[in-house]
Number of protein chains: 2
Amino acid sequence: MAAPLANNHISVDCVVLGFDGESLNVLLSKRSGCDSNGKVFMDYKLPGSLIYQDEDLDDAASRVLKELTGVSDVTLTQFKAFGSKDRTSNLRDVHWLEKEQAKVKRIVTIAYFSLVKLDKTLEKTVNTEVAEWQRLNQLGRLAFDHNLIIAEALKAIRREADNNRALIFNLLPKKFTASQFRMLMEIIYDKQLDVRNFHKKISQLSYIIPLDERQQGVAHRAARYYRFDKKAYSGSR
Amino acid sequence: MAAPLANNHISVDCVVLGFDGESLNVLLSKRSGCDSNGKVFMDYKLPGSLIYQDEDLDDAASRVLKELTGVSDVTLTQFKAFGSKDRTSNLRDVHWLEKEQAKVKRIVTIAYFSLVKLDKTLEKTVNTEVAEWQRLNQLGRLAFDHNLIIAEALKAIRREADNNRALIFNLLPKKFTASQFRMLMEIIYDKQLDVRNFHKKISQLSYIIPLDERQQGVAHRAARYYRFDKKAYSGSR
DNA sequence: ACAAAAGTGTTTAGTATACACCCATGC
DNA sequence: GCATGGGTGTATACTAAACACTTTTGT
């Protein structure tokens with residue numbers, strides 16, 4: 001065979017998306033470094049890092065996410081590997097890598113996504129010294145090919161959600177209104193949905209349970225809350 | 001950060017599926033080695049190998065497939081990375097790896113699939129000294145976690161084909177009969193299809209063109225041939 | 001003439017889409 | 001009382017599923 005022994009580096013990167021009832025947000029790591037002129041800069045990257053020698057990919061993803069952001073106990077789903085040879089060749093990125101670890105030629109990264117409720121409980125677990133939620137539709141240029149990785153994550157999530165609608169409910173609070181749910185679907189599928197048809201749809205889904213509880217103190221008719229019934233969902237497919 | 005420098009190895013593996021008009025087949029590399037008692041064995045693995053230091057993943061997949069089987073000019077689609085830490089720990093596999101290259105702790109592999117017409121032209125390009133087509137439903141135990149990788153490839157292909165039906169036609173000859181097409185769908189989706197409904201369906205798809213040509217010399221009513229019109233397909237979605 | 005596979009229509013149920021007005025609440 | 005978002009029903013078009021017999025060809 002005699003293939004040259006490739007000695008590459010492997011990392012994992014996590015695209016953690018959170019919905020706050022209004023918009024989709026992504027969890028980013030703060031990164032600071034020097035550019036080629038020695039100027040200090042601060043920008044953002046996905047939480048990700050090299051894996052250990054003897055560690056499952058999935059375990060590495062959980063570990064790295066926890067270490068870099070404080071977030072733990074979320075379901076991470078592998079969706080794609082990124083191994084273009086120029087993905088780490090931007091000068092700023094090269095400098096940053098050299099500061100962080102030995103000279104690295106190229107890093108193949110295995111990307112994971114996770115969908116979470118962006119509520120106050122979760123807000124607290126995020127270490128804001130080093131990590132930050134940013135609106136998905138207002139992202140600047142991220143490190144490496146991380147903008148691309150996020151775009152691919154969204155595609156993967158759409159595909160996945162088509163086969164397993166339960167996925168989406170990870171983004172919603174336990175009690176959610178029909179319009180929160182609808183807005184979320186509109187964002188994910190980038191498509192307007194008819195309000196009446198949407199109500200009709202959810203009313204005939206056995207796993208979306210209307211509650212007696214309603215919104216409080218809003219300056220308009222109070223919306224009903226619903227909840228997602230995991231058991232009923234599993235039973236219905 | 002101070003993450004220990006992981007020094008892992010990266011490979012690509014290719015799941016090339018071919019349809020011969022009757023059944024789905026997968027292209028395998030022959031492998032021979034010694035087991036722990038020094039006994040010689042011969043078994044099969046997916047065509048795959050370590051990547052070069054400075055090579056795109058996608059390029060590596062094409063190169064490796066060509067080198068190990070002779071097959072080139074096929075579309076390879078990345079679908080999943082496999083990095084369980086015990087995926088290379090079977091004793092037979094450990095011995096084989098040590099013979100082939102330096103001691104390797106763990107290999108993360110990026111898996112690709114490809115769908116091809118298994119016709120005589122392709123048969124000729126396969127180097128039968130080192131590679132061989134085997135029926136998908138009659139596979140034995142393959143090296144490493146390659147049975148798992150093939151199963152995951154099928155799942156990925158189903159998902160992908162739902163979004164892009166053109167994919168399936170890579171498996172069919174240029175001229176195909178309705179029942180070849182139907183049998184293929186039945187195999188891929190593991191589900192019987194109603195013959196009449198199937199005919200109705202394809203008759204109303206603008207990109208499946210009925211030809212005047214029919215089967216020759218069959219001991220029953222000769223079936224009509226159809227072809228897939230790529231242009232009409234792209235136009236229709 | 002018989003074996004073997006090809007080909008053909010109709011009915012029914014369910015799902016997706018389009019569309020406009022009244023309701024409840026806080027200020 | 002008005003601004004704001006919540007909530008409701010019907011008609012139509014399309015798609016999916018169930019179902020059995022006749023046709024063509026070689027032996």
Side-chain angles (χ1 to χ4, degrees), chain A residues 19-23 158 161-165 168 172-173 175-227 233 236-237, chain B residues 19-23 158 161-165 168 172-173 175-227 233 236-237:
Chain A
F19 183 64
D20 57 13
E22 278 189 23
S23 53
R158 274 183 213 136
D162 288 339
N163 295 332
N164 177 14
R165 272 168 286 179
I168 300 292
L172 289 166
K175 295 170 188 174
F176 53 86
T177 65
S179 66
Q180 285 178 329
F181 183 21
R182 183 172 44 81
M183 277 167 18
L184 175 59
M185 295 298 276
E186 289 179 345
I187 293 171
I188 290 178
Y189 289 96
D190 192 23
K191 193 183 156 188
Q192 294 302 110
L193 297 174
D194 181 275
V195 178
R196 270 180 292 187
N197 290 338
F198 193 80
H199 273 274
K200 201 193 319 172
K201 184 78 159 279
I202 64 179
S203 72
Q204 68 195 29
L205 294 177
S206 62
Y207 50 83
I208 296 183
I209 320 273
L211 304 176
D212 290 332
E213 202 177 339
R214 278 151 204 280
Q215 282 180 319
Q216 298 287 327
V218 285
H220 52 77
R221 181 170 172 179
R224 177 188 288 280
Y225 283 115
Y226 295 81
R227 67 178 180 83
Y233 178 73
S236 73
R237 42 194 243 126
Chain B
F19 182 64
D20 57 13
E22 279 190 23
S23 52
R158 275 182 214 137
D162 288 338
N163 296 331
N164 177 14
R165 272 168 285 179
I168 299 293
L172 288 167
K175 294 169 187 175
F176 53 87
T177 66
S179 66
Q180 284 178 330
F181 183 21
R182 182 171 46 79
M183 276 166 20
L184 175 59
M185 295 297 278
E186 288 178 345
I187 293 171
I188 290 178
Y189 289 95
D190 193 23
K191 193 184 157 187
Q192 293 302 109
L193 297 174
D194 180 276
V195 179
R196 270 180 292 187
N197 290 338
F198 192 80
H199 273 273
K200 201 194 319 170
K201 184 77 159 280
I202 64 178
S203 72
Q204 68 196 28
L205 294 177
S206 61
Y207 51 83
I208 296 182
I209 320 272
L211 304 176
D212 289 332
E213 202 176 339
R214 278 152 204 279
Q215 282 180 319
Q216 298 287 326
V218 286
H220 52 76
R221 181 170 171 178
R224 177 187 287 281
Y225 283 114
Y226 294 82
R227 68 177 180 84
Y233 178 73
S236 74
R237 41 195 241 126

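Chain A is the first sequence line, chain B the second, and so forth, proteins listed ahead of strands; every chain is numbered from 1. Nothing here was measured: the structure is a model prediction, and the numbers come from that model.
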Quick one: sort the B/Phe181 and B/Phe176 rings into parallel, tilted or perpendicular, breaks at 30° and 60°.
perpendicular
Donor-acceptor contact below 3.5 Å, side chain B/Gln204 vs main chain B/Lys201
no
So, are B/Lys175 and B/Glu213 salt-bridged, with charged N and O less than 4.0 Å apart?
yes
I need the CZ-P distance between A/Phe198 and D/dG5, as an integer number of Å.
18 Å
Reading nucleotides 6-16 of chain D from the 5' end, what letters show protein touch, with B for base, S for backbone sugar-phosphate only, - for no heavy atom under 4.0 Å?
BSBBB------
Any side-chain to backbone donor/acceptor pair from A/Glu186 onto A/Lys191? Under 3.5 Å, distance only.
no
Can you tell if the side chain of B/Ser23 reaches within under 4.5 Å of the side chain of B/Met183, non-hydrogen atoms only?
no
